[in-house]
Amino acid sequence: MTWDWGAVADFMPYFWDGLWVTLQILVFGSLISFALGLVWALLMRTPTRWVTWPVGAVTEFIRNTPLLVQLFFLFYVLPEWGITFSALTTGVFAIGLHYSTYTMQVYRAGIDAVPVGQWEAATALNLPLRRTWTVVILPQAVRRVVPALGNYVISMLKDTSC
């Protein structure tokens, strides 16, 4: 048996198509994951249990369900209920939703790592809550979470290439 480079050349258009789909799912899934993870993290910080308990239950359910099961559910079960997406949209949404629960914990750790003195300084300056979050807390938290978010981007790349 000899190696046939012609077979490799015939396969290359399919390879580039697959790479393009993988990169699309990676980029858009990452954006969804980062945005939704921040929303989950902020919702988990609210003082009322009527918000934190359902958010915690949903995120734990998503984290404890395999990604493949979630993909099957989104692609095969939702159309039975009248909700239909394309295969690419389903993949992007599934990756983004699944990894948003992990990025939620990364954001939570980054927010908790901001020194208490920063919170106290914002309170002493009588900054509104929105300004405290957008100017004082989140910029410091984001700096701490970027490396961990990069690790999840790599994990998403591994999951999208299967």
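For the numbers below, each heavy atom of this structure counts, side chains included, while hydrogens, waters and symmetry mates do not. Quick caveat: nothing in here was measured; it's all calculated off a predicted structure.
- Under the 4.5 Å side-chain heavy-atom criterion for ILVMFWY residues, no single connected hydrophobic cluster contains both Trp20 and Phe15.
- When all heavy atoms are compared, the tightest approach of Thr52 to Thr46 is CG2-O, 3.3 Å.
- Of the candidates Leu138, Thr103, Val106, Val145, Leu138 is the only one forming a side-chain contact (heavy atoms from CB on, under 4.5 Å) with Leu38.
- To the nearest 0.5 angstrom, Thr132 atom OG1 is 8.5 Å from Leu125 atom CG.
- Other residues, nucleotides and ligands contribute over 12 non-hydrogen atoms within 6.0 Å of the CH2 atom of Trp119.
- Tracing side-chain contacts under 4.5 Å through hydrophobic residues (I, L, V, M, F, W, Y), one reaches Leu23 starting from Tyr14; they form part of the same cluster.
- Of all heavy-atom pairs between Gln70 and Ala94, the closest is OE1-O, 4.3 Å.
- Checked by atom type and distance alone, the side chain of Ser86 pairs as donor or acceptor with a backbone atom of Thr89 at under 3.5 Å.
- The aromatic rings of Trp3 and Trp5 lie perpendicular to each other, with more than 60° between the two planes, well past the 30° mark.
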Worksheet entry | Pair Arg63-His98, side chain to side chain contact (heavy atoms under 4.5 Å, CB included): steps then yes or no | CA-CA 7 Å; Arg63 285 180 70 173; His98 184 76; 5.9 Å; no
Item to complete: Begin from the C-alpha positions of Thr90 and Leu78 and carry the test side chain to side chain contact (heavy atoms under 4.5 Å, CB included) through to its verdict.
Response: CA-CA 10 Å; Thr90 302; Leu78 287 184; over 6 Å; no
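- In this structure, CD1 on Ile137 lies 11.5 Å from CG on Leu42, to the nearest 0.5 angstrom.
- The heavy-atom pair separating Leu97 from Ile32 by the smallest distance is N-CG2, 4.4 Å.
- Taking the side-chain hydrogen bond (donor to acceptor under 3.5 Å, both in side chains) definition, one finds that Gln140 meets it with Gln118, sequence neighbours left out.
- Placement of Val153 and Leu149 within a single hydrophobic cluster is found when ILVMFWY residues are connected by side-chain heavy-atom separations under 4.5 Å, directly or transitively.
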Worksheet item: Step by step, would you call Trp40 with Thr101 a side chain to side chain donor-acceptor pair (under 3.5 Å)?
Response: CA-CA 7 Å; Trp40 293 126; Thr101 59; over 6 Å; no
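- Taking the six-membered ring for Trp and thresholds of 30 and 60 degrees, Phe73 and Trp81 have ring planes more than 60 degrees apart, a perpendicular arrangement.
- When all heavy atoms of Gly56 and Met44 are compared, the closest pair comes out as N-SD, 3.6 Å.
- Ser33 has its side chain out of reach of Tyr152: every pair of non-hydrogen atoms, C-beta onward, lies at least 4.5 Å apart.
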Item to complete: Could you walk me through whether Trp133 and Ile111 pass side chain to side chain contact (heavy atoms under 4.5 Å, CB included), step by step?
Response: CA-CA 10 Å; Trp133 277 99; Ile111 291 168; 3.8 Å; yes
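- Side-chain atoms of Tyr107 come within 3.5 Å of backbone atoms of Phe34 as a donor-acceptor pair (strictly under, hydrogens ignored).
- Under a hydrophobic-cluster definition in which Ile, Leu, Val, Met, Phe, Trp and Tyr are linked whenever side-chain heavy atoms come within less than 4.5 Å, directly or via other members, Trp16 and Leu88 are assigned to the same cluster.
- Clustering ILVMFWY residues whenever any of their side-chain heavy atoms sit less than 4.5 angstrom apart, transitively, puts Val116 in a cluster other than the one holding Leu127.
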Practice prompt. Check step by step if side chain to side chain contact (heavy atoms under 4.5 Å, CB included) holds for Arg131 and Val136.
Written response: CA-CA 7 Å; Arg131 190 145 169 97; Val136 178; over 6 Å; no
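- In this structure, OH on Tyr102 lies 10.0 Å from CD1 on Ile62, to the nearest 0.5 angstrom.
- For Phe75 against Phe85, the heavy-atom pair with the smallest separation is CE1-O, 4.4 Å.
- For the atom pair Asp10 CG and Asp4 CG, the distance stands at 8.0 Å (nearest 0.5 Å).
- The closest side-chain heavy-atom distance from Phe93 to Leu74 is below 4.5 Å.
- Note that CG of Leu19 is 10.0 Å distant from CD of Gln24, once rounded to the nearest 0.5 Å.
- Here the straight-line distance linking atom CG of Leu31 with atom OG of Ser100 works out to 13.0 Å at 0.5 Å rounding.
- By the salt bridge (charged side-chain N to carboxylate O under 4.0 Å, His left out) test, Arg45 is found to be paired with Asp112, residues two or more places apart in sequence or in another chain being considered.
- Across all non-hydrogen atoms, the minimal contact from Gly91 to Ile25 is O-CG2, 4.0 Å.
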